[in-house]
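Just so it is clear: chains get the letters A, B, ... in the order the sequence lines come, proteins before strands, and each one is counted from 1.
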Amino acid sequence: MSSPSFQAPKGTHDVLPPESWRWEQLIARFATTVEGAGYGLVVNPLFEDIGVFLRGIGEGSEVVTKEMYEFEDKGGRRQALRPEGTASVVRAFVQHRPPVPFKGWYVTPAFRYEAPQAGRYRQHHQLGVEALGTHDPDLDVEVIALADEVYRSLGLRQVTLKVNSMGDSSCLPAYRRLLADYLVSRSLCAEHREKVALNPLRTLDCKRDECRAATEDAPRMVDHLCAPCAEHFARLGDGLAALGIAYSVDFRLVRGFDYYTRTTFEFGAEALAAAQNAVGGGGRYDGLVEALGGPPTPGIGFGMGVERILLACDAEGVLPVPETRLDAFVVDVVGGREALALTAELRAAGLRVDRAYASDDGQPRSMKAQLRAADRSGARVAIIVGEDELAAGTATVKALQGGPVQEQVSRSDVVEWVTKLSGGSRP
RNA sequence: GUGGCCGUAGCUCAGUCGGUUAGAGCGCCAGGUUGUGGCCCUGGAGGUCGGGGGUUCGAGUCCCCUCGGUCACCCCA
């Protein structure tokens with residue numbers, strides 16, 4: 001074994017240009033959308049005391065019990081890489097106590113130790129918002145509408161919304177018993193026969209035929225909400241309808257984190273054939289702030305998966321990587337000093353400019369090679385400096401797309417010509 | 001974590017029953033024009049056949065292990 005060969009760890013991946021352009025776009029559109037609704041960026045540590053996740057997400061959830069990247073640091077502290085974003089934002093809220101209502105958004109990697117497959121990674125990336133301090137169901141509507149707007153702004157048309165209510169501490173426990181009593185005498189799949197007493201809700205989203213049949217006519221949470229929760233859920237539906245956001249109520253929607261109360265929702269990309277077609281989800285977590293040591297404070301938020309959204313964009317043929325990102329490409333066949341000066345000048349004028357560099361043997365590349373590079377770069381304009389231009393104090397400005405436009409212009413007019421020929425992307 | 005399928009050039013792939021220097025297209029570099037890109041033509045560079053072990057006179061090809069990808073379960077973004 002001579003030189004070792006490394007690759008990205010299992011379940012992780014690199015994002016390089018030009019593909020990364022789509023990441024920039026997605027993040028930028030997300031930021032624009034949510035900042036337009038008063039949300040501000042929150043930056044958290046990628047790891048926390050493991051208790052933040054144990055108490056925040058819940059010790060009954062798979063993500064915490066089986067999938068967390070945990071480690072002991074050199075000081076003997078038990079830490080864990082964040083498996084999702086909400087717990088850290090809420091911990092920060094409890095620590096700093098900003099005025100409510102508090103609205104924050106984030107973009108972050110999330111780590112879960114699980115078997116990778118298409119659309120599922122050990123490190124994936126989430127965009128999300130959290131809004132704390134308000135019970136108002138209009139806020140639930142707002143949060144869902146923001147997610148919906150992000151998908152639509154990307155051009156996605158085949159994203160569907162499912163909503164449900166998990167009730168609260170006054171009606172969920174009773175419903176849980178009711179459901180358990182109902183299911184205990186039914187035939188369930190082997191796995192849920194054992195788990196039904198512990199967590200009957202999980203049986204609802206089991207895909208196996210026995211459980212599907214057993215739960216089809218089972219009592220539903222939305223029919224057993226206490227009066228305040230029922231009112232909240234009704235107003236959520238009214239609000240979504242008022243904004244023209246299509247949704248379906250799905251009594252099987254039982255999301256994986258223990259902290260959810262009342263509203264839960266999930267966005268699915270119908271264009272994705274894979275089993276992993278959830279592109280975003282979230283809900284209300286009115287007990288979470290307290291669970292992390294803060295004062296009773298309601299909250300709601302969502303997370304959406306960057307990788308899966310981009311897979312959905314592929315499937316729907318939207319958000320293609322653009323072919324051109326440059327205004328001009330400088331071709332210098334007289335040694336390179338002119339290119340050095342010209343690119344600097346054009347960039348200073350706010351134009352997007354690249355150039356060719358010398359070959360590995362130190363020789364300048366031929367004009368043909370440099371123009372080929374200019375063509376491939378996608379630049380709209382080539383700027384050529386050769387012997388004639390150098391002697392005359394000019395540069396040749398050549399349009400690379402459309403008709404054969406070419407002019408030899410004074411060096412002082414180059415910026416103006418490039419701006420004109422490139423369509424003027426100058427700010 | 002369990003099971004199925006797959007790993008050959010930067011990318012997409014071919015490679016017969018195990019047989020000698022492992023191929024194609026695209027991409028990249030150069031030439032075809034002593035100052036003009038794209039199209040075309042010619043040439044070139046580029047490969048531990050994912051890795052390790054085994055069987056064999058001989059392994060890209062067969063066997064075992066391993067790493068990675070992928071699909072399903074599970075869970076979720």
Counting only Watson-Crick or G-U wobble pairs whose two distances fall under 3.5 Å, which nucleotide matches [N]?
{"N": "B:U36", "value": "none"}
{"N": "B:C26", "value": "B:G10"}
{"N": "B:G46", "value": "none"}
{"N": "B:G3", "value": "B:C71"}
{"N": "B:C76", "value": "none"}
{"N": "B:U61", "value": "none"}

Base of [N] paired with side chain of [X] (donor-acceptor, under 3.5 Å):
{"X": "A:Gln370", "N": "B:U36", "result": "no"}
{"X": "A:Lys368", "N": "B:U36", "result": "no"}
{"X": "A:Arg365", "N": "B:C29", "result": "no"}
{"X": "A:Glu114", "N": "B:A77", "result": "yes"}
{"X": "A:Arg120", "N": "B:A77", "result": "no"}
{"X": "A:Glu389", "N": "B:G35", "result": "yes"}
{"X": "A:Asp375", "N": "B:G38", "result": "no"}

When we call it a touch if two heavy atoms are under 4.0 Å apart, what does [X] touch: a base, just sugar-phosphate, or nothing?
{"X": "A:Gly282", "value": "nothing"}
{"X": "A:Ala369", "value": "sugar-phosphate"}
{"X": "A:Ile384", "value": "base"}
{"X": "A:Val333", "value": "nothing"}
{"X": "A:Gly119", "value": "base"}

Take the protein atom [atom1] of [X] and the nucleotide atom [atom2] of [N], then report the distance between them rounded to whole Å.
{"X": "A:Glu62", "N": "B:C73", "atom1": "CD", "atom2": "C1'", "answer": "12 Å"}
{"X": "A:Leu253", "N": "B:A77", "atom1": "CG", "atom2": "P", "answer": "10 Å"}
{"X": "A:Glu67", "N": "B:A77", "atom1": "CD", "atom2": "P", "answer": "10 Å"}
{"X": "A:Ile57", "N": "B:C75", "atom1": "CD1", "atom2": "P", "answer": "17 Å"}
{"X": "A:Tyr260", "N": "B:C76", "atom1": "OH", "atom2": "C1'", "answer": "11 Å"}
{"X": "A:Lys10", "N": "B:G69", "atom1": "NZ", "atom2": "P", "answer": "6 Å"}
{"X": "A:Phe30", "N": "B:A77", "atom1": "CZ", "atom2": "P", "answer": "14 Å"}
{"X": "A:Leu16", "N": "B:C11", "atom1": "CG", "atom2": "P", "answer": "12 Å"}

Exercise. Taking the six-membered ring for Trp, does A:His125 stack with B:A77 (centroid gap under 5.5 Å, planes within less than 30°)?
Worked result: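 Here A:His125 fails the 5.5 Å or the 30° condition.
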
Exercise. Can any side-chain N or O of A:Gln408 pair as donor or acceptor with the backbone N or O of A:Thr394 at less than 3.5 Å?
Worked result: no

Problem set entry | Backbone N/O of A:Thr86 and side chain of A:Glu84: donor-acceptor pair under 3.5 Å |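 Confirmed, A:Glu84 side chain pairs with A:Thr86 backbone.
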
Could you work out the separation of [N] and [M] based on their [atom1] atoms and round it to a whole Å?
{"N": "B:C73", "M": "B:G10", "atom1": "C1'", "answer": "36 Å"}
{"N": "B:C64", "M": "B:U55", "atom1": "C1'", "answer": "11 Å"}
{"N": "B:U8", "M": "B:C49", "atom1": "P", "answer": "11 Å"}
{"N": "B:C74", "M": "B:G3", "atom1": "C1'", "answer": "12 Å"}
{"N": "B:G69", "M": "B:U12", "atom1": "C1'", "answer": "16 Å"}
{"N": "B:G60", "M": "B:A14", "atom1": "C1'", "answer": "12 Å"}
{"N": "B:A59", "M": "B:G53", "atom1": "P", "answer": "13 Å"}
{"N": "B:C17", "M": "B:G31", "atom1": "P", "answer": "45 Å"}

Residue-phosphate contact under 4.0 Å: [X] side-chain N/O, [N] OP1/OP2:
{"X": "A:Gln117", "N": "B:A72", "result": "yes"}
{"X": "A:Arg208", "N": "B:C74", "result": "yes"}
{"X": "A:Tyr113", "N": "B:C75", "result": "no"}
{"X": "A:Arg372", "N": "B:A30", "result": "yes"}
{"X": "A:Arg202", "N": "B:C76", "result": "yes"}
{"X": "A:Arg376", "N": "B:C28", "result": "yes"}

Salt bridge or not for [X] and [Y], using N-O below 4.0 Å?
{"X": "A:Lys420", "Y": "A:Asp413", "answer": "no"}
{"X": "A:Glu62", "Y": "A:Arg202", "answer": "no"}
{"X": "A:Asp332", "Y": "A:Arg355", "answer": "no"}
{"X": "A:Arg78", "Y": "A:Glu70", "answer": "yes"}
{"X": "A:Arg157", "Y": "A:Glu270", "answer": "no"}

For this session: Answer yes if the side chains of A:Asp168 and A:His232 hold a donor-acceptor pair under 3.5 Å, and no otherwise.
Result: no

Exercise. RNA chain B: A:Lys66 or A:Tyr121, which has the more 5' nearest nucleotide?
Worked result: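 Closest to the 5' end, via its nearest nucleotide, is A:Lys66.
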
Exercise. If you pin A:Gln123 and A:Gly386 to their nearest nucleotides in RNA chain B, which one's is more 5'?
Worked result: A:Gly386

[X] side chain, from C-beta outward: closest of [options]:
{"X": "A:Ala118", "options": "B:C75, B:C71, B:C76", "answer": "B:C71"}
{"X": "A:Cys206", "options": "B:C74, B:C76, B:G37", "answer": "B:C74"}
{"X": "A:Gln7", "options": "B:G38, B:C71, B:C67", "answer": "B:C67"}

Exercise. Using the ring of each side chain (for Trp, its six-membered ring), is A:His13 parallel, tilted or perpendicular to A:His125, with breaks at 30° and 60°?
Worked result: perpendicular

